[in-house]
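Since the structure is predicted, the reported quantities are computational estimates derived from the model, not experimental observations. Residue numbers start at 1 and run along the sequence shown.
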Amino acid sequence: MDHLTKTPGITFSVPTREEVSPANQAIFDNLQSALGFVPNLYATIAYSGNGLARYLAYQNAKTSFSNREKEAINLVVSQVNGCVYCQSAHTVIGKMNGFTDEQLLDIRRGKSANSKLNALMALAADVTKSRGYVSPELVAAFFEQGYTREHLVDLILQISDKIAMNYLHNLTQVPVDFPLAPTLS
């Protein structure tokens with residue numbers, strides 16, 4: 001166990017392939033093949049014999065959002081929750097989905113020049129901050145931009161995906177193995 005982290009009386013480490021269940025070893029092998037490494041936060045989920053497969057199935061499920069919309073949601077939720085790991089990971093993934101550095105910083109600030117994306121991010125941030133007790137005006141703006149009830153349900157599911165990872169990192173503080181996202185000014 002390479003990386004040790006302290007969280008109120010508990011030490012977390014990033015489990016290696018040899019330290020996880022055979023089912024998780026197979027997932028590690030797939031991640032290694034697909035990504036070139038096993039992200040520390042995914043490896044940490046492998047403390048659970050079933051958690052990693054369950055999480056990846058949930059994360060990779062079909063959605064009504066584009067990859068760019070998903071990344072905007074992931075970034076704004078991670079910013080609200082103060083998760084440096086997910087801000088960093090989704091900055092990299094956001095670039096892979098065509099966002100510029102400045103657009104990624106703006107998304108983390110909760111703004112976009114694109115009015116549809118702006119309405120999506122505003123609602124995602126409000127849902128996260130208010131634990132679902134949102135501003136009716138933000139919901140109306142979301143629908144006015146052409147989003148549907150399907151999108152609203154998918155938004156809640158996307159937020160819940162990211163909150164799980166944000167909370168896991170905020171609790172364990174495992175090392176960030178992506179280039180660190182810039183600090184917002």
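The shortest side-chain heavy-atom distance between Val77 and Gln158 does not fall under the 4.5 Å cut-off. For the pair Tyr133/Val127, no side-chain contact is recorded, criterion being any heavy-atom separation below 4.5 Å from C-beta on. For the pair Val92 and Met96, the minimum side-chain heavy-atom distance is below 4.5 Å. By the 4.5 Å heavy-atom criterion applied to side chains, Val174 and Leu168 are not counted as neighbours. At least one side-chain heavy atom of Leu105 sits less than 4.5 Å from a side-chain heavy atom of Pro182. Taking 4.5 Å as the limit, some side-chain heavy atom of Ser115 sits within range of a side-chain heavy atom of Gln145. The shortest side-chain heavy-atom distance between Met121 and Leu75 does not fall under the 4.5 Å cut-off.
Residue Tyr58 comes nearest to Ser160 through the heavy atom pair OH-OG, 2.6 Å, listed as atom of the first residue, atom of the second, then distance. Between Asn166 and Ser78, the closest heavy-atom pair is ND2-OG, 3.1 Å.
A side chain to side chain contact (heavy atoms under 4.5 Å, CB included) with Met165 is found for exactly one of Ile45, Asn81, Asn74, namely Ile45.
Salt bridge annotation for Asp106-Arg109: present, with a cationic side-chain nitrogen under 4.0 angstrom from a carboxylate oxygen.
Counted by atom type alone, Glu19 and Tyr47 present zero donor-acceptor pairs between their side chains at under 3.5 Å. Asp126 and Ser135 are not linked by any side-chain donor-acceptor pair at a separation below 3.5 angstrom, with hydrogens and angles left out of the test.
Residues Tyr42 and Phe37 place their aromatic rings such that the two centres sit no closer than 6.0 Å.
Aromatic ring orientation, Tyr85 versus Phe178: perpendicular (interplanar angle above 60°, classes split at 30° and 60°).
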